[in-house]
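The structure appears right after this line, and notes come after that.
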Amino acid sequence: MLNGMSYLREDKVTEPVVLNAYDDVDENVERHDDHDILPVTDTQVATAPYEVLGRTDQPNAYEDLTPEEDILPVTDSQVATAPYEVLGRTDQPNAYEDLNPEKDAPDITVNNHTYTQNDADRTVTCNPSGNPDSYTYHKWQHRSRYGDLIREFGGSKTLLLPDVSVSMRYQDSGEYVGIAINGIKGKDNKLEQNGSGCVTVNDRFLTEIYAVGTGSLLDPFQQYVKQGHAAVLQCIYERERMKWHMNGTIIASENIVINSTKYKVSVTSSGLYYRLHVLNVQPDDELIYSCRVPPSRIYFHGSMDNKLEGTEGTDLLIRCIADGGKPPPDVSILNGTRPNKQQEVSYTIPKISRDNHQRTIVCQATSDALDNPMTTIGQIYLNLKPLTTIFNTNEVSTEETVPLRVSCTSYGSRPAATFRWIIGENDVTSSSTTLQPVRESNDTNTVTSTLASSVDRTHNKQSVICIASNIVGSVSGNKTLDVKYAPDITVNSPTYTQNDAIRTVTCNPSGNPDSYIYHKWQQKSKYGEIIREFAGNKTFKLPDVPVGLRHQDSGEYVCTASNGIKDKFNKLEQKGYGLVSVNAQPVFTSDTIDRVKQFGEIDKDVDIYVDVYSVPKFTSYIWTREGTPITTQTSAKYQSSSYLTIVKDTFHGKEVQLDGYNLTLTIHDLEANDFSNYTVTLKSVFPGVKFTIELESASVPDIPGNFSQGDSAFTSFTVQWDPGSGAGYEQLFYIQYRVQGSSEWTTVQAVEEDVNKPRRRRTYEVRNLQEGKAYELRMYAENTAMKRSNFTDVLIVFTKSSGAKVSTTSSAVTGAVVGVVVTLVIVCASFIVILLIKRSQVKDKKEKNDKLYVNPGFQNIQNGDEYEEVENKFDVEHPQSSKTYETLGTKEKISVYDDLVNSKGETSSKSSMGVYEALGVQETPSIYAKMKNQKEQKQLNTQHESNKVKKPNDHSDSMELNTTQERSEKVYENEVF
């Protein structure tokens, strides 16, 4: 376009430039190739992103600009339209708004600044906006526009950049990241929030330009250059990857030109390209030239290392930004929808699912300034809820005595899951341990927790729940707990009658597993004595017996079974108990049948009695004498009573204790005609029964004679005596002993003397004694008529002592002599006391005016070398619970059925039912004898009082039957009382 001249010293042109060549200029003008630049006005800088450098041939128009003059100030309006991306808040509504209307983490923006190298004060300001509006500023980061960390500063709202030399101030250019908190976590669950802004320090920009045109493609700036001279076109941007176009054709890219004779590119002091030199301008060069700048980078906003962080089940916003570029690049996200916008694009994945975890997202920027599209690849990383928990076993099972141990594994959680354990409704997490998470290749975690907890049968069939949770949510898995335990066994408690031929009892075990082995059945008395045993099965049919014996099927039935599981006492076999009751007519017990004959004494009271087993209890009873009913309610002669007691009877051949009744008839002041037959008749819902007792007269046995000591050993000694008369009955001999100085006597049964057996001297060895002790001994006789003799005199007997070896020193000899002397003194004193006691007793007897009982002595005594050695049959000691006194008198009323001896030689309840004195015949006993009587009675009754509800000699009892007796006993299933 040869339409005139325009003298341009242009440093920066914002739109295409028309280069005008002309040839009517002064040939003598000096040519300048590089630096004849026109100043640029503020308006031109604000509206033109391209710079055109031209040449003029007016003299003195090509002044070199000093560095201070090469910088064009930038106004605020220029900042508003600057081509740099502001890395702070977007103007898109609701893009980063906190969903919490009350309190939210701050959104942070950092203002953008453009400075020149001449600006000494350069600041950057952080602008947080959150609730609460109080912030702590952590630090500033200076990064390159490609994300490289350059330096860091302390936290503050406004950062004053450290001053450096003018030539180095361009290095302050870059992205500035401000970091602050207000105590509220953001959507990324982080307290620290950040924002960024861009600082630009321009270097060597010119100050003025005079140009014609608006700088648009339709109205480009016009640069006039003399033909043959060089034109210098300068772009406003300094970029390494600068491209120059001529009418749309690339003529230079970076430092490479298509024709080096026509074009060249120069660099700034910073080493970046921004000037195009058109050499030897000719009319053909009158074209439109433009510079194009590719974007400096493309990136995902808010990501680190291109990781796009989100949370499963929430909306994920993906924002891709192209930094810089002229013309503005087109940015798109390459997925099915291909959202596309200039400079940046946003894309939201609603309620993102875990399938998108580690999904690749490609963002692409395209521009005429790019040879190929610029791309960046991001990868989605989601916070993921744990997947359904998996147990390490299909069945969760244990035994009651073995702690439960089970593991549960969570897969696919990000971040790692934590665990809770629940059994039934109880939280048992405290009994669990969790291993360190294992990071998988897909950046998820695998975590295993193990529960070790004690359980019992109450937990059987309850749910074991394993719950895995993290910040995203929770999942759970459950199994039904199978607790194996030994069976609890119950046995039904049926009630039958003697008329029921079929009688069964059933065992009901309840355990896990529900499969049982039945071992055996046992029938026991209510007091634990085994009556009989049977083969094991679930339902036991009792063997049939005669009707009159079916009551013997009553008792406790024990079932023994197992299911292969041990109980807490490490036992396999378990037991259950039930009570079988057979209602039948009353029966007289076996010990009553043995008492057909009972005994009494003239002028004394006597109790004749029977023991009865009766279920149900008899309804009434009556006593008769020789068939004549006895009236007891208003009679002074007779008195009757009944009470609940423990009796003995034989059940299926076994003697056992039973709950029964004692029926007693008391006859006062016996006369000769009272010795007769007495019958008691019982009535019940079943046929009545009766039992007859023959009452006979009884006497007292003699005191054993010549009671003396035999041999003595370390723990035993022997005694000898001559049996006296048993008053017409068999008699037993009892020896009592105690350590000298103690108060309680120990009683042993020595020997039984048959009434028809010749009486001869007897010997008995008392065993299990203490070494080196002095013992007191005495003995008495008792016949089967329940009459007891007086005690013998007390003997003092010493057991031998093993001791230590005797020393031969004089002191040892002296000690032995002293011991012998002391022993002799004790023995002499004892004999003196015994003689005084006997003399006192003889004196008391002589003062009696009544009939005296005379010990007839011992008849037919054998020579000393012909007596028989007698051993204790059972060697059982019978301790007395209190003192036993020697001097006994004669009581006025004696129960003739007291103190039968049980098997094994133990002192039975027979000894407790009567009160015995020294068995002489005294019609008027002394007061001293009565006092002794009471003490002896208390001692002999102590050990058996617990078996009686009331004493048979309590003559104040009425005819009303007493059935109440408290005691501890088992409670049975379905028991009928």
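For the pair Gln731 (side chain) and Gly724 (backbone), a donor-acceptor distance under 3.5 Å is present. Checking side-chain atoms of Thr746 against main-chain N and O of Arg738 turns up no donor-acceptor pair under 3.5 Å. Using modelled atom types, one side-chain atom of Asn492 and one backbone atom of Thr506 make a donor-acceptor pair closer than 3.5 Å. A donor-acceptor pair under 3.5 Å is absent between the side-chain atoms of Asp500 and the main chain of Ile502, judged by distance alone. Asp605 places a side-chain N or O within donor-acceptor distance of the main-chain N or O of Asp669, the cut-off being under 3.5 Å. Not a single donor-acceptor pair under 3.5 Å links the side chain of Ser789 to the backbone N or O of Tyr780. Looking only at distances, a side-chain donor or acceptor of Ser525 sits under 3.5 Å from a matching main-chain atom of Glu529. Judged purely by atom type and a 3.5 angstrom limit, Ser635 uses its side chain to pair as donor or acceptor with the backbone of Tyr638.
To the nearest 0.5 Å, the span separating OG1 on Thr681 from CG on Leu663 amounts to 11.0 Å. If you take CD on Gln523 and CD1 on Ile531, they are separated by 4.0 Å, rounding to the nearest 0.5 Å. Within the model, atoms CG of Asn790 and CZ of Arg778 stand 9.5 Å from one another, a figure rounded to the nearest 0.5 Å. Going from atom OG1 of Thr792 over to atom CG of Leu777 covers 8.5 Å, rounded to the nearest 0.5 Å. Distance check: Leu658 CG to Gln552 CD gives 9.5 Å after rounding to the nearest 0.5 Å. For the atom pair Lys648 NZ and Ser590 OG, the distance stands at 9.0 Å (nearest 0.5 Å).
The neighbour count for Ile517 CD1, taken as heavy atoms of other residues, nucleotides or ligands under 6.0 Å away, does not exceed 12. The 12-atom threshold is exceeded at NZ of Lys538, counting heavy atoms of other residues, nucleotides or ligands nearer than 6.0 Å. By the 6.0 Å contact criterion, NZ on Lys575 is enclosed, its count of non-hydrogen atoms from other residues, nucleotides or ligands being greater than 12.
Remark: Ser676 engages Glu626 in a side chain to side chain donor-acceptor pair (under 3.5 Å) (not counting sequence neighbours). The ring pair (Phe, Tyr, Trp, His ring centres under 6.0 Å) check on Tyr516 picks up nothing, with sequence neighbours excluded.
At least one test fails for Arg503 against the ring of Tyr496: distance under 6.0 Å to the centre or angle within 45° of the axis. A cation-pi arrangement, defined by a distance under 6.0 Å to the six-membered ring centre and an angle within 45 degrees of its axis, is absent between Arg532 and Trp521.
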Practice item. Please lay out, stage by stage, how Phe675 and Glu694 fare under the test side-chain contact (heavy atoms from CB on, under 4.5 Å). Key: CA-CA 8 Å; Phe675 296 104; Glu694 183 181 349; over 6 Å; no

Exercise for review: Determine, stepwise, if the pair Phe707 / Val719 fulfils side-chain contact (heavy atoms from CB on, under 4.5 Å).
Suggested key: CA-CA 7 Å; Phe707 182 53; Val719 291; 3.8 Å; yes

Check your understanding: Please walk me through it: do Val558 and Glu556 pass side-chain contact (heavy atoms from CB on, under 4.5 Å)?
Key -> CA-CA 6 Å; Val558 183; Glu556 182 182 69; 4.1 Å; yes

**Study point:** Derivation and outcome, side-chain contact (heavy atoms from CB on, under 4.5 Å), residues Ile489 and Tyr577
**Key:** CA-CA 8 Å; Ile489 299 179; Tyr577 307 85; over 6 Å; no

Practice item. Report the C-alpha distance between Tyr764 and Phe733 in whole Å, list the side-chain angles of each, state the deciding distance to 0.1 Å, and finish with yes or no for ring-ring contact (aromatic ring centres under 6.0 Å, His included). Key: CA-CA 10 Å; Tyr764 180 80; Phe733 297 96; over 10 Å; no

Point to revise | CA sep, side-chain torsions, deciding dist, call: Arg762, Asp722, salt bridge (charged side-chain N to carboxylate O under 4.0 Å, His left out) | key: CA-CA 6 Å; Arg762 304 295 186 189; Asp722 295 325; over 6 Å; no

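Between Ile693 and Val610, some side-chain heavy-atom pair lies under the 4.5 Å cut-off. Counting only heavy atoms from C-beta outward, the side chains of Phe691 and Val596 approach each other to under 4.5 Å. Counting heavy atoms from C-beta on, the side chains of Pro701 and Ser725 never come closer than 4.5 Å. Residues Thr645 and Val647 are in side-chain contact: their nearest non-hydrogen atoms beyond the backbone lie under 4.5 Å apart. Annotation: side chain of Val582 is not in contact with side chain of Val615 (no heavy-atom distance under 4.5 Å). At a threshold of 4.5 Å between non-hydrogen side-chain atoms, the residues Tyr518 and Ser562 do not count as touching. Contact of the Phe686 side chain with the Thr497 side chain is registered, since non-hydrogen atoms from C-beta on lie closer than 4.5 Å. A 4.5 Å side-chain heavy-atom check between Val685 and Pro616 finds at least one atom pair inside the cut-off.
The ring of Phe588 has its center no closer than 6.0 angstrom to the ring center of Tyr613. In this structure, Phe540 has its ring center under 6.0 Å from that of Phe534. Between Phe651 and His551, a ring centre-to-centre spacing shorter than 6.0 Å is recorded. For Trp623 and Tyr678, the distance between ring centers is not under 6.0 angstrom.
Side-chain contact check for His652 and Asp553: at least one donor-acceptor pair (N or O, by modelled atom type) lies under 3.5 Å. Defined by atom type and a distance below 3.5 Å, a donor-acceptor pair is present between the side-chain atoms of Asp567 and Gln574. At a cut-off of 3.5 Å, with distance as the only test, a side-chain donor of Gln736 or Thr747 sits close to an acceptor on the other residue.
The minimum heavy-atom distance linking Gln749 with Leu732 is given by the pair NE2-CD2, 3.9 Å. Across Gly627 and Pro629, no two heavy atoms sit closer than the pair O-CD, 3.6 Å. The minimum heavy-atom distance between Val491 and Cys559, with the atom names listed, is CG2-CB, 3.8 Å. The two residues Pro586 and Ser614 come nearest to each other via the heavy atoms CG-OG, 3.5 Å. Scanning all heavy atoms of the two residues, the minimum distance from Tyr621 to Ser640 falls at OH-OG, 3.8 Å. Taking every heavy atom of both residues into account, Glu671 and Ile602 meet most closely at C-CD1, 3.7 Å.
Test Thr592, Asp611, Thr589 against Asn662 for side-chain hydrogen bond (donor to acceptor under 3.5 Å, both in side chains) and you get one pass: Asp611.
Sorted by first and then second residue, the salt bridge (charged side-chain N to carboxylate O under 4.0 Å, His left out) pairs with a member in residues 634-643 read Lys637-Asp674; sequence neighbours excluded.
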